[in-house]
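Since this is a predicted model, take the numbers as computed values, not measurements. Basis for what follows: all heavy atoms, side chains included, without hydrogens, waters or symmetry-related copies.
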Amino acid sequence: MITTIVFDVGETLTRDDRHWGRWADWLDIPRHTLSALVGAVVAQGRDNADALRLIRPGIDLRAERAEMERAGLSEFLDDSDLYEDVRPGLAALRDAGYAVHVAGNQTARAGGLLRALDLPADSISTSAEWGVAKPDPDFFERVIRVTGAAPASILYVGDHPANDIVPAKRVGLRTCLIRRGPWGHLWADEPDVTPDWHIDSHHDLLPLLASSGA
């Protein structure tokens, strides 16, 4: 019986438009150029940050982020970055009695920004705050510890097959792939990607769980 639902962040709860637009502006290239390169590396199964490395070979991403901070271009999130179904979808799950948590590969600053949005979630954590990132199985072991739930009672919802679905299943979590963002759309039907469920919207999740008896 699923009692706890944990959500990824980027392209599961939030749009990545602002993130990539900020990088394109900083590197002084057209936004559509960076967007196309992100799509290309995703299609090749590579890390999306490789798009930045194609534009500027040898780039030190940590140093570059620090320069952006000093230039007043700090990472920023507000309600406009959330997909429209996020607040009502998470709230409906909590109202139905599920514990709701958020845990994704994000910076520590993003963790603070997400918590400031007052989402209907019991906890919000990021990989930078934990010191471990997906797809490392230790990230999902940390999910288990933070939620205090048995692995088989946790459903992890994410858009990235390699980062979310496969490693979560390996530690015994149930999984749900949301068809959203480049990864969720491109890799949703790959034969080696076998989540327990697929959804197109957060509104789909509660009826799906009810109908499946999970």
Side-chain angles (χ1 to χ4, degrees), residues 2 4-20 23 34-55 59 61-62 65 75 81 83 86 101-108 110-111 114 124-147 149 151-202 204-205 208:
I2 291 172
T4 303
I5 304 175
V6 183
F7 292 90
D8 170 49
V9 179
E11 292 301 340
T12 297
L13 302 182
T14 63
R15 297 178 177 84
D16 281 346
D17 308 48
R18 191 195 302 267
H19 171 77
W20 292 113
W23 272 109
L34 181 53
S35 179
L37 286 172
V38 170
V41 298
V42 167
Q44 294 169 3
R46 296 163 59 182
D47 181 355
N48 57 9
D50 282 348
L52 302 174
R53 299 182 182 102
L54 288 171
I55 292 165
I59 188 172
L61 294 177
R62 185 186 297 272
R65 289 190 191 99
E75 187 174 11
D81 295 295
Y83 281 99
V86 169
H101 298 264
V102 175
N105 278 0
Q106 304 289 326
T107 64
L114 286 164
I124 295 175
S125 307
T126 70
S127 56
E129 292 168 329
W130 285 353
V132 62
K134 298 179 293 184
D136 191 320
D138 285 346
F139 178 95
F140 294 96
E141 294 290 351
R142 188 66 178 263
V143 166
I144 295 167
R145 292 199 300 274
V146 166
T147 61
S153 70
I154 301 171
L155 177 65
Y156 192 83
V157 181
D159 67 298
H160 198 303
N163 279 359
D164 299 329
I165 305 305
V166 173
K169 287 175 71 74
R170 283 178 180 158
V171 299
L173 275 58
R174 309 291 294 278
T175 58
C176 179
L177 182 71
I178 186 166
R179 292 186 182 92
R180 179 168 283 176
W183 301 271
H185 286 296
L186 184 61
W187 300 106
D189 298 317
E190 286 294 299
D192 57 346
V193 178
T194 56
D196 294 284
W197 295 286
H198 290 83
I199 58 173
D200 296 312
S201 164
H202 291 293
D204 299 338
L205 194 50
L208 186 153

If we ignore hydrogens and angles and just use 3.5 Å, is the side chain of [X] paired with the main-chain N or O of [Y] as donor and acceptor?
| X | Y | result |
| --- | --- | --- |
| Thr147 | Val143 | yes |
| Glu11 | Asp16 | yes |
| Arg179 | Asp200 | no |
| Thr4 | Ala149 | no |

Legend entry - Arg18/Asp81 salt bridge by N-O under 4.0 Å criterion: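 Yes.
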
Can you measure from [atom1] ([X]) to [atom2] ([Y]) and round to the nearest 0.5 angstrom?
| X | Y | atom1 | atom2 | result |
| --- | --- | --- | --- | --- |
| Leu13 | Asp8 | CG | CG | 7.0 Å |
| Ser35 | Asp17 | OG | CG | 8.5 Å |
| Trp130 | Arg145 | CH2 | CZ | 8.5 Å |
| Leu52 | Leu34 | CG | CG | 6.0 Å |
| Leu205 | Ile199 | CG | CD1 | 5.0 Å |
| Leu177 | Asp196 | CG | CG | 11.5 Å |

Inset, instruction - Tell me, please, which residues at least two apart from Asp204 pass salt bridge (Lys or Arg N to Asp or Glu O under 4.0 Å). - result: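 For Asp204 there are no salt bridge (Lys or Arg N to Asp or Glu O under 4.0 Å) partners, ignoring immediate neighbours.
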
Inset, instruction - Write out all pairs satisfying salt bridge (charged side-chain N to carboxylate O under 4.0 Å, His left out) with one or both partners inside residues 154-170, taking only residues at least two apart or from two chains. - result: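 Those involving residues 154-170 are Lys134-Asp164.
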
Legend entry - Aromatic ring proximity Tyr83/His202, centre distance under 6.0 Å: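 Not close enough - the centres of the two rings lie 6.0 Å or further apart.
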
Side-chain contact test, heavy atoms from C-beta onward, threshold under 4.5 Å: evaluate it for [X] versus [Y] and give yes or no.
| X | Y | result |
| --- | --- | --- |
| Ser153 | Ile2 | no |
| Asn48 | Asp50 | no |
| Thr175 | Val157 | no |
| Val132 | Phe140 | no |

Heavy-atom closest pair, residues [X] and [Y]:
| X | Y | answer |
| --- | --- | --- |
| Pro135 | Asn163 | CD-OD1, 3.5 Å |
| Ala108 | Ala128 | N-CB, 3.4 Å |
| Pro161 | Pro167 | O-CD, 4.1 Å |

Inset, instruction - Please lay out, stage by stage, how Thr126 and Thr107 fare under the test side-chain contact (heavy atoms from CB on, under 4.5 Å). - result: CA-CA 6 Å; Thr126 70; Thr107 64; over 6 Å; no

Inset, instruction - Name the orientation class of the two ring planes belonging to Phe139 and Tyr156 (parallel below 30°, tilted from 30 to 60°, perpendicular beyond 60°). - result: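 Perpendicular: the ring planes of Phe139 and Tyr156 meet at over 60°.
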
Expected list for residues 181-191: side-chain donor-acceptor pairs under 3.5 angstrom, two or more places apart:
residue, atom, partner, partner atom, Å
Trp183, NE1, His160, NE2, 3.3
Trp187, NE1, Val42, O, 3.4

Inset, instruction - Could you please spell out the steps behind the side-chain contact (heavy atoms from CB on, under 4.5 Å) verdict for Arg53 and Leu61? - result: CA-CA 9 Å; Arg53 299 182 182 102; Leu61 294 177; 3.5 Å; yes

Legend entry - Pair Val9-Asn105, side-chain contact (heavy atoms from CB on, under 4.5 Å): steps then yes or no: CA-CA 7 Å; Val9 179; Asn105 278 0; over 6 Å; no

Legend entry - Gln106 and Ser127: side chain donor to acceptor below 3.5 Å: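 There is no such pair (donor and acceptor under 3.5 Å, judged by atom type) between the side chains of Gln106 and Ser127.
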
Inset, instruction - Show your reasoning for whether side-chain contact (heavy atoms from CB on, under 4.5 Å) applies to Leu155 and Val6. - result: CA-CA 6 Å; Leu155 177 65; Val6 183; over 6 Å; no

